K.L.:
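What follows is a single structure, and I will ask about it in a moment.
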Amino acid sequence: ATTDVEYVRWTQWIFLQIYDTWFDAEQQKGRPIAELPIPAEIKQQGEDAVRAYQDDHRLAFQSEAPVNWCPALGTVLANEEVIDGKSEVGGHPVVRMPLRQWMLRITAYADRLESDLASLDWSEGIKALQRNWIGRSTGAEVDFYIGGEKGFDSWKQSRAKAGFPRKPADDVLRIYTTRPDTLFGATYMVIAPEHPFVERLTQNGERAAVNAYCEASSRKSDLDRTELAKEKTGVFTGSYAINPVNGREVPIWIADYVLVSYGTGAIMAVPAHDERDLEFAQQFNLDVVAVVDPVDAIPATERAEVLAGKRCFAGLGVAINSSKYDGLKTADFKKKIAADLAKDGLGREAVNYKLRDWLFSRQRFWGEPFPILHELDTTGRPTGRVRAVDATDLPVDLPHLDDFKPHGRPEPPLDKAPDDWLYPVIDGKRYKRETNTMPQWAGSCWYYLRFIDPTNTTAMIDPALEKAWMPVDLYVGGAEHAVLHLLYARFWHKVLFDRGIVSTAEPFQKLVNQGMILGENGEKMSKSRGNVINPDVIVKEYGADSLRLYEMYMGPLEDSKPWSMQDVNGVHNFLNRVWRLLIDDRVESLALNASVVDRPPTADENRVLHRTIEAVTADIDKLKFNTAIARMIEFTNYFTKQTERPREVLEKFVLLLSPFAPHMAEELWLALGHTDTLAKGPWPKFDPDLAREDTIEIPVQVNGKLRSKVAVAADADAKTIEAAAHADARVAELLAGREVLKTIVVPGRLVNFVIKG
RNA sequence: GCCGGAGUGGCGGAAUUGGCAGACGCGCCGGACUCAAAAUCCGGUGACCGCAAGGUCGUGGAGGUUCAAGUCCUCUCUCCGGUACCA
């Protein structure tokens with residue numbers, strides 16, 4: 001179990017590896033924190049500055065992140081537990097408040113997490129889900145000047161000399177856009193209510209309105225902000241920015257349709273070419289200037305509306321109202337203006353991701369404790385310095401708590417731990433343990449590695465074993481893990497890979513999502529729908545073999561399929577028929593019945609057997625269990641009709657059946673006189689010579705319509721087959737007196753005569 | 001809206017990737033066994049026309065490519081899953 005202290009030890013150990021890693025963007029690789037280059041000016045400031053700089057770059061870092069705090073329940077709630085700003089349980093008010101949290105810098109790996117998908121043998125659907133979740137977009141960052149109209153020209157000149165700064169100064173508002181070609185159509189700007197410039201940009205006359213607006217939006221959860229998006233809301237700051245490409249003064253608004261956590265938290269609004277911006281502009285009566293002519297991409301009447309600023313067009317077209325860029329196609333314009341902005345120091349190309357850093361801490365008791373200590377000063381206050389628990393001191397086990405219920409403060413329950421756990425002393429220094437715990441994802445992120453070497457006490461995994469077994473060549477799971485678990489696990493694995501602990505860049509080479517079993521009414525099984533099938537009941541009535549076989553026979557592994565009680569019975573009947581093939585079911589014993597004979601199989605019997613071996617073996621490889629079972633049913637149908645069944649044939653069939661119905665197959669194996677388990681029996685070997693058919697039926701078509709069939713030798717060539725087709729009475733009749741324009745013969749497949757008329 | 005997947009008999013589903021549409025199972029119909037029923041075994045079962053031989057139609061819909069299309073191309077409809085103010 002992931003809660004076993006011996007497992008927790010290594011989960012915590014991996015956390016320390018992540019904590020000890022920074023991401024080298026140049027090399028696109030995680031490296032030990034000791035190798036992080038420290039800028040000279042940081043070094044000058046001393047040890048604490050260096051330490052802070054390092055902490056800023058670790059893949060595991062602390063940050064203030066908003067949580068849902070419910071004062072009445074005295075606990076922190078997950079987003080799913082908050083409905084309309086009230087707790088799901090009890091309906092108490094919930095407030096968003098910032099709390100110190102541990103984050104994992106998964107965004108550093110966004111590029112690799114996306115591009116490495118191409119190397120994986122996963123369904124396009126799951127890959128698309130991950131790509132969508134990572135949400136890579138390319139565009140440009142552009143600075144709008146907010147230092148007042150008088151300073152604009154000199155600012156622009158200085159930018160042309162100095163270039164585009166890495167971090168924006170206070171005299172500009174930096175925005176991100178995927179459409180730098182619409183820069184001339186920016187008629188206003190919007191910043192998120194949480195944007196750090198809100199205070200500075202708000203003019204005195206607007207202060208009350210702005211405060212009220214930001215206050216209100218802070219109470220809304222992310223969910224509310226997006227789901228209640230019927231109508232755009234916003235408030236004017238009273239300030240203006242200057243569009244760097246045309247010197248136009250544009251008003252700066254605050255609105256919660258702009259998210260502080262994406263891009264730069266600020267946008268240029270181009271209402272003519274962005275649906276949301278247009279909605280907002282119409283709401284607040286702001287200018288709309290079309291700068292992309294759709295030309296013939298849309299109907300002429302709609303085009304006229306776009307040009308008049310009455311309709312949004314977000315597609316590609318030709319530039320207008322864009323001074324020297326007029327006439328450029330969107331794609332060319334994008335390239336041109338990105339280069340020009342870079343040259344003038346006004347902007348640069350930029351990439352953004354929807355993916356956010358991973359909020360990795362929970363305010364719960366049950367979870368792996370972080371192996372982290374906070375240094376305390378002599379008065380017992382945290383100094384801000386953090387140290388990792390020595391690897392030799394792992395695991396950090398959970399303390400015993402008499403009461404781990406909420407204590408009325410947003411701090412985690414571990415804050416109530418006994419002092420001897422909570423306040424360790426090392427080298428005379430007093431520390432407080434980290435009291436947040438890790439989420440359930442932590443344990444599930446790497447269990448596949450521990451499976452390879454589960455009892456190792458000196459290492460997380462033996463490198464030789466890791467090399468021998470990894471990657472996981474087939475991973476079967478539900479689609480509900482498409483993004484979270486599979487993305488998290490890939491991220492951890494890549495960090496371990498960069499640190500040389502594992503040898504593959506990806507953990508799961510092939511992924512298959514099994515489909516859901518639906519209720520008999522074709523809907524998702526759920527208690528509230530009353531369509532839940534209890535497997536225990538099926539096992540009791542039909543046996544575990546029948547249940548297993550039925551679930552494999554229902555249809556393709558990856559499809560959702562409705563349950564059918566009648567079909568369970570059908571599969572159960574099949575097993576009964578197999579049983580009767582060997583066993584006399586009129587007596588209560590495991591004695592073989594009289595039809596089982598000790599003689600070599602006939603050619604026909606061998607053919608049926610070996611075709612079954614071939615098909616079942618191939619289908620298992622392709623995970624097509626439903627058709628594998630169908631082939632075994634055909635075998636059974638054939639031998640049910642026979643009065644004699646050679647033991648040799650039955651033995652091989654029982655081996656084929658054993659992965660599908662292991663219990664019954666084992667009994668039949670014993671009945672056949674074996675004393676050892678059939679699990680040790682060899683998988684039947686396919687013999688193509690024995691499976692070969694001497695003569696086959698070839699369909700004959702006239703003008704593509706099936707008219708007859710002729711029997712020919714299995715290896716007959718095209719000439720022989722054509723002659724046989726001509727010799728067929730029915731075909732001869734249809735071809736009589738007709739001109740044959742073309743004859744297609746596919747040996748082993750079919751004949752098609754194309755005739756006139 | 002965007003992304004992904006799927007539409008085949010009364011039902012679940014097959015179809016070697018362009019080559020006999022409906023394998024196999026369920027259900028249904030008929031027969032054997034039985035005093036009877038269950039169980040079991042045998043046969044039938046896409047629709048329409050025909051006594052039959054046989055014919056026509058048929059894989060959500062409309063076009064197209066091809067000797068040949070469930071399979072490839074264009075347009076379109078419906079359902080399921082995911083996701084969404086991501087600039």
Side-chain angles (χ1 to χ4, degrees), chain A residues 123-129 131-133 135-137 139 175-179 182 186 189-190 222 225-230 232 255-259 261-270 273-277 279-280 314 352-356 479-480 482-483 513 515-516 518 522-524 550 553-556 558-571 573-574 576-577 580 585 615 618 624 626-634 636-637 640-641 697-709 730 740-746 748-755:
Chain A
S123 73
E124 214 23 68
I126 299 293
K127 286 189 187 180
L129 281 177
R131 267 191 214 106
N132 201 279
W133 192 261
R136 184 178 204 270
S137 77
I175 61 101
Y176 170 74
T177 177
T178 56
R179 290 294 300 270
T182 60
M189 302 185 79
V190 185
D222 289 350
R225 264 169 75 155
T226 55
E227 280 188 10
L228 301 175
K230 304 274 184 288
K232 293 278 177 288
D256 63 8
Y257 82 91
V258 170
L259 309 173
S261 49
Y262 185 79
T264 61
I267 62 161
M268 66 168 187
V270 186
H273 306 292
D274 183 285
E275 197 65 58
R276 298 150 301 177
D277 294 346
E279 232 176 273
F280 190 87
N352 257 297
Y353 302 93
K354 288 190 209 175
L355 186 69
R356 307 291 160 79
E480 70 272 19
V483 280
N513 288 122
M516 244 187 311
L518 308 172
E523 291 172 29
K524 206 167 168 172
Y550 169 62
Y553 188 58
M554 290 174 88
E558 296 179 80
D559 290 7
S560 290
K561 302 148 285 217
W563 186 269
S564 160
M565 222 53 220
Q566 282 181 327
D567 290 353
V568 176
N569 203 50
V571 165
N573 271 338
F574 160 63
N576 284 337
R577 275 151 52 81
R580 282 193 298 269
D585 68 338
K624 293 174 68 171
N626 53 331
T627 51
I629 293 164
R631 296 290 89 84
M632 289 191 285
I633 294 173
E634 283 180 303
T636 305
N637 288 345
T640 296
K641 290 185 176 68
E697 270 200 332
I698 299 280
V700 182
Q701 299 180 337
V702 176
N703 284 348
K705 285 191 175 152
L706 179 69
R707 293 304 179 192
S708 187
K709 290 180 185 179
R730 198 166 142 59
V740 177
L741 299 172
K742 202 171 182 182
T743 305
I744 289 107
V745 183
V746 185
R749 280 259 152 261
L750 60 35
V751 179
N752 188 12
F753 294 109
V754 184
I755 63 172

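Numbered from 1 within each chain, the chains take letters A, B, ... in sequence-line order. None of the values given here were measured: they were computed from a predicted structure.
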K.L.:
Counting the atoms with a prime plus P, OP1 and OP2 as sugar-phosphate, which does A/Asn637 contact under 4.0 Å by heavy atoms, base, sugar-phosphate, or nothing?
P.N.:
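The residue A/Asn637 makes sugar-phosphate contact but no base contact.
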K.L.:
Would you indicate what A/Arg631 reaches in the nucleic acid, counting non-hydrogen atoms under 4.0 angstrom: base, sugar-phosphate, or nothing?
P.N.:
base
K.L.:
Distance to the ring centre below 6.0 angstrom and angle to the axis at most 45 degrees; does that hold for A/Lys232 and A/Tyr257?
P.N.:
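Geometry flag: set, cation within 6.0 Å and 45°.
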K.L.:
Confirm from the modelled atom types if A/Lys641 and B/rC41 form a donor-acceptor pair under 3.5 Å, side chain to base only.
P.N.:
no
K.L.:
I'd like to know if A/Glu558 pairs up with A/Lys624 as an ion pair, taking the criterion as any Lys NZ or Arg NE/NH1/NH2 lying under 4.0 Å from an Asp or Glu carboxylate oxygen.
P.N.:
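Salt bridge: no.
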K.L.:
So which one's nearest nucleotide on RNA chain B is more toward 5', A/Gly265 or A/Leu750?
P.N.:
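It is A/Leu750, whose closest nucleotide lies nearer the 5' terminus.
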K.L.:
Can you say whether a donor on the side chain of A/Asp567 sits under 3.5 Å from an acceptor on the base of B/rC26, or the other way round?
P.N.:
no
K.L.:
At 4.0 Å (heavy atoms only), tell me whether A/Thr177 reaches a base, stays on the sugar-phosphate, or touches nothing.
P.N.:
sugar-phosphate
K.L.:
May I ask you to say what A/Lys524 touches in the nucleic acid, namely base, sugar-phosphate or nothing, with a heavy-atom cut-off under 4.0 Å?
P.N.:
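The residue A/Lys524 makes no contact with any strand.
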K.L.:
Roughly how many Å apart are B/rC20 and B/rG58, using the C1' atom of each and rounding to a whole number?
P.N.:
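Pairwise C1' distance, B/rG58 against B/rC20, rounds to 15 Å.
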K.L.:
Roughly how many Å apart are B/rG1 and B/rG9, using the P atom of each and rounding to a whole number?
P.N.:
28 Å
K.L.:
Can you tell me which stems RNA chain B forms when a stem means 3 or more consecutive Watson-Crick or G-U pairs under 3.5 Å?
P.N.:
B:1-7 with B:77-83, B:10-12 with B:24-26, B:27-32 with B:40-45, B:46-49 with B:54-57, B:60-64 with B:72-76
K.L.:
Begin from the C-alpha positions of A/Tyr550 and A/Ile629 and carry the test side chain to side chain contact (heavy atoms under 4.5 Å, CB included) through to its verdict.
P.N.:
CA-CA 9 Å; A/Tyr550 169 62; A/Ile629 293 164; over 6 Å; no
K.L.:
Output yes when at least one side-chain N/O atom of A/Asn573 is less than 4.0 Å from OP1 or OP2 of B/rU40, else no.
P.N.:
yes
K.L.:
Taking the nucleotide of RNA chain B with the closest heavy atom to each, which residue, A/Met554 or A/Leu706, is nearer the 5' end?
P.N.:
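Per heavy-atom nearest nucleotide, the more 5' residue is A/Met554.
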K.L.:
Could you tell me how far B/rG46 sits from B/rA21 if I compare only their P atoms? Round to whole Å.
P.N.:
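Here B/rA21 and B/rG46 have their P atoms 14 Å from each other.
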K.L.:
Determine the interatomic distance between C1' on B/rG61 and the same-named atom on B/rA6; round to the nearest Å.
P.N.:
16 Å
K.L.:
For B/rA87, does OP1 or OP2 lie under 4.0 Å from any side-chain N or O of A/Ser137?
P.N.:
yes
